[in-house]
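Following: one structure in structure tokens, then a few remarks.
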There are 2 protein chains.
Amino acid sequence: MASIREVAKLANVSPATVSRVMNGTARVDEEKKQRVLAAIKETGFVPNEVARSLFKKSAKLIGLILPSIENPFFAQLAGAIERCADKHGYRLVLCNTGSVTEKEKAAMQMLSSMNADGIILTTSNEELREFTENCSIPIIVTDRVFQGSNKLKYVHCDHYKGGRMAAEHLIDCGCKSIVCIKGQQEISSARDRYDGYRDVCKERGIKEQTVDSAYDFEEGMKVTEEILETFKDVDGIIACNDMVAISAYKVLHKNGIDVPGKIQIIGFDDIALAKLMTPELTTIGQPVKEIGAKAAELIIFKDKYAKEDKQEYIFEASLVERETTRDI
Amino acid sequence: MASIREVAKLANVSPATVSRVMNGTARVDEEKKQRVLAAIKETGFVPNEVARSLFKKSAKLIGLILPSIENPFFAQLAGAIERCADKHGYRLVLCNTGSVTEKEKAAMQMLSSMNADGIILTTSNEELREFTENCSIPIIVTDRVFQGSNKLKYVHCDHYKGGRMAAEHLIDCGCKSIVCIKGQQEISSARDRYDGYRDVCKERGIKEQTVDSAYDFEEGMKVTEEILETFKDVDGIIACNDMVAISAYKVLHKNGIDVPGKIQIIGFDDIALAKLMTPELTTIGQPVKEIGAKAAELIIFKDKYAKEDKQEYIFEASLVERETTRDI
DNA sequence: TTCTGCTGTGAAACCCGTTTCAAAATCTAT
DNA sequence: ATAGATTTTGAAACGGGTTTCACAGCAGAA
């Protein structure tokens, strides 16, 4: 791999001049410029990003720390972030943590020592707070929120309103006995969605009925069986996300229960599969592209955003009516 | 951020000694070692990975170049690779290319200049051959194959056998008129799967009937409509992947056609959704964890693997019988 | 006691692109 | 033609962890 000094020697100029030609950081005599360009071509020189980032203290890297890239929602988020990053010449470093605190910490540590320009983090693990407060690079928390941290920025949709919309839609569709499959309550978005559901129940005089589940389809199936046993009159299910909604449908179908005839289902996230499954899943959609792009931009244009001292960027969720609910 | 020289000053030793303590590269007097350890703790020193990788010419980075992380199969592959990489202290740099040649080239160039230790590439774009041949870091092609390149290594499952298995299973399940939804034939895995189907048709005296489609569910739906118009007696569909199989099911269902009663469907990949959908999708599964881990290991342990001059690592596909086919 | 051999240690070079700084070259004005 | 202003350019420092190399210190051998 050719280095800048070899190029310089070949073009009979100094490395500084080659650098200036490449980056356009200063005027260079036209003839020398041509010699340099020729030498770059001849040697196939590509500047070493590592050396550049050592000096610049920016590796043009965005760290993405996720519970799991296999989760379709996170995969979509990652795709959105990657596209925005790529557009501006940044790369993405992907870290799966399985929500394990130690892995989250290790990943942040590592990204920081890699001169990453920022970290996009999806966790609401309070144990990380001390660490994130002292981190020297910007940290953007997506989809979730940490209690009481003011060094971070947040990008997410309005899960509370989303939860409300889900409950209201089910009520509007005639449901009288709605069960909410709550996600893990340590996760802020799951809390917010649940809060939305709960408040609507209160306002509309509907009994609050809940059941706990992880964001995971095996749990989703188990829990749906429980619902059928516990709540004999259930006619509406709000799932904490689409994966769980799909598994709920599966169990209902297996039990010969008509969806949406007898029980209506609404999910959360609007992953690609929601439209693809049969029947198509009614769900609360998140503008994942906008969320991903905003998170990336907060890092890429951190100087610009440092001026506005907005800490939370909140997007609207939206009801996506499909086939697992029915208007009356 | 503290540097090694500050730690050295605090511990009253040279930077070299601090380096030796951290890496265990040489014996260090026990008392000095303790001083260094204390100084590291006090300053919160974390070695800068960029500086390290500049010297070592290895950034402990694996580049992953994919058409799209949103595709669930690739997301699973990415997860498998990430887990293996992480276990050995490597990070993953994710690049989506949408199969655009220019982006694939740019990503490889960039990864190379980042001192990545290797690249895992999913493409069968022949235009890249010249480039990959001259790349200074190892390139592992997963899931697909390039014609006639001998500098690369390949990790994938036996798509040809997989295609055979799919066709044989449908025949064994009583199908007489099977339509194969071929993936894009520029993609080697799609070619191989199709070849398997074709050969089984020949051997078993079944008419070959095909239709073209991209690996994409909108195409999948469009093409399934076509099948219904063109092949009135169709009773079996082999889809080039699970996404397409799911969309085929959707169209069949919408048309009131019983699956598997009237038409049976088999997909490819065994993505998580295949088990989750209703009815559960029969499919040809790929051992994606093993494929991902092997690809990562070929980079992480490149020295070891350089000795064996095996160029292709092939895994077995397997039939996963579920509910969209029925034994007779 | 002197010589060999081994271990521990620090100064300095190294990796390589960027930037500073001062000198050199070119140009403007008197 | 010369002082002064401006532009172009290269040497050297920089970033920070690693490694080489040579020297110092000490143990055992002669």
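Per chain, numbering begins at 1; letters A, B, ... match sequence-line order.
- Among the protein residues, B:Val28 comes within range of the sugar-phosphate backbone only, with heavy atoms under 4.0 Å from sugar or phosphate atoms but none that close to a base.
- Here D:dG16 presents its P atom at 18 Å from CZ of A:Arg52, a figure rounded to the nearest Å.
- The distance from atom CE of A:Met114 to atom C1' of D:dG17 is 16 Å, rounded to the nearest whole Å.
- If you measure from atom CD1 of A:Ile4 to atom P of C:dC15, you get 15 Å, rounded to the nearest angstrom.
- Contact annotation: B:Arg27 does not reach the phosphate of C:dT7 (side-chain N/O to OP1 or OP2, under 4.0 Å).
- For the pair A:His156/A:Ser189, no side-chain contact is recorded, criterion being any heavy-atom separation below 4.5 Å from C-beta on.
- Remark: A:Glu49 does not engage A:Arg91 in a salt bridge, criterion side-chain N to carboxylate O under 4.0 Å.
- Between A:Asn115 atom CG and C:dT18 atom P the separation is 15 Å, expressed in whole Å.
- In this structure, A:Val50 reaches neither bases nor backbone, as no heavy-atom distance under 4.0 Å exists between it and the strands shown.
- Screening A:Lys33, A:Lys32, A:Arg27 for a side-chain contact (heavy atoms from CB on, under 4.5 Å) involving A:Glu30 leaves a single residue, A:Lys33.
- Residue B:Arg5 places a side-chain atom within donor-acceptor reach of the base of D:dG17, judged by atom type and a 3.5 Å distance cut-off alone.
- In terms of phosphate contacts, A:Lys57 brings a side-chain nitrogen or oxygen within less than 4.0 Å of OP1 or OP2 of D:dG16.
- For a distance-only test at 3.5 Å, the side chain of B:Arg20 fails to qualify as a donor-acceptor partner of the base of C:dG8.
- Out of D:dT18, C:dG17, D:dG10, the shortest distance to the side chain of B:Met22 is found at D:dT18.
- Protein atom CD of A:Glu49 is 10 Å distant from nucleotide atom C1' of C:dG17, rounded to whole Å.
- Taking 4.0 Å as the cut-off between side-chain N and carboxylate O, A:Glu6 and A:Lys9 do not count as a salt-bridged pair.
- If you take CG of B:Leu54 and P of D:dT19, they are 13 Å apart, rounded to a whole angstrom.
- For D:dT9, one of the phosphate oxygens OP1 or OP2 lies less than 4.0 angstrom from a side-chain nitrogen or oxygen of A:Lys32.
- Residue B:Ser3 places no side-chain N or O under 4.0 Å from the OP1 or OP2 atom of D:dG16.
- Ring orientation note: the planes of A:Tyr305 and A:Tyr313 are nearly perpendicular, at an angle over 60° on the 30°/60° scale.
- Phosphate proximity of D:dT9 to A:Thr17: absent, as no side-chain N or O sits under 4.0 Å from OP1 or OP2.
- In this structure, NZ of A:Lys56 is placed 18 Å from C1' of D:dG16, rounded to the nearest angstrom.
- Of the side-chain N and O atoms in B:Asn23, one or more sit less than 4.0 angstrom from OP1 or OP2 of D:dT18.
- One interatomic measurement links the two molecules: CZ of B:Phe55 to P of C:dA12, which rounds to 17 Å at whole-angstrom precision.
- Among the heavy atoms of the strands, none lies under 4.0 Å from B:Val18.
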